Amino acid sequence: MARGAASKEQVMAGILAAFPGSFKYDKEIRIPMNEDGEIIQIKCVLTAAKVNVENGGDTAIPGVVTATKTVTASVNPTPAGFMNEPTAEEKQAVADLVSKLGLS
């Protein structure tokens with residue numbers, strides 16, 4: 001199994017649970033969003049980092065080993081800034097998209 005494969009699946013499951021209507025497409029996740037009345041898809045591709053960095057990103061020193069944490073995805077994670085439940089308009093837009101794509 002590739003490095004990080006199990007962790008990627010766990011993160012993908014959390015993203016799919018957090019965004020109703022999202023789906024896996026090949027090795028990526030597609031998240032349908034309504035932007036100015038138009039349905040767009042946000043594409044997420046996950047890869048395992050070759051080098052771990054500490055929170056701080058650009059200020060971390062490559063190759064320095066730091067403490068790690070075990071992360072467990074919640075069944076219903078709520079990303080900051082997002083509502084738990086989509087609006088009726090968003091649900092209808094997703095339903096329309098699913099119907100147009102012949103996925104129902």
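Remember, it's a predicted structure, so these values are computed and weren't measured experimentally.
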Counting C-beta onward and ignoring hydrogens, is there a side-chain heavy-atom pair between [X] and [Y] closer than 4.5 Å?
X: Cys44; Y: Ile31; value: yes
X: Met33; Y: Gln41; value: no
X: Ile29; Y: Lys43; value: no

Write down the atom of Leu97, the atom of Pro32, and the distance for their closest heavy-atom approach.
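Looking at all heavy atoms of both residues, the closest pair is CD2-CB, 4.1 Å.
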To check you understand the geometry: which heavy-atom pair defines the closest contact between Lys8 and Ala48, and what is its length?
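Shortest heavy-atom contact: CD-N, 4.2 Å.
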Residue pair Glu38 / Asn34, side-chain donor-acceptor N/O under 3.5 Å
no
Going from CG on Asp96 to NZ on Lys91, what distance comes out if it is rounded to the nearest 0.5 angstrom?
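Here the rounded value is 14.0 Å.
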Rounded to the nearest 0.5 Å, what separation is found between the CG atom of Leu46 and the OG atom of Ser7?
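Between Leu46 CG and Ser7 OG, I get 10.5 Å after rounding to 0.5 Å.
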Electrostatic pair Glu28:Arg30 at N-O distance under 4.0 angstrom:
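Here Glu28 pairs with Arg30 in a salt bridge, since their nearest N and O are under 4.0 Å apart.
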Do you reckon Phe23 sits in the same ILVMFWY cluster as Val11, going by side-chain contacts under 4.5 Å, direct or chained?
no
Could you tell me whether a side-chain N or O of Glu90 sits under 3.5 Å from a main-chain N or O of Thr87, the two making a donor and an acceptor?
yes
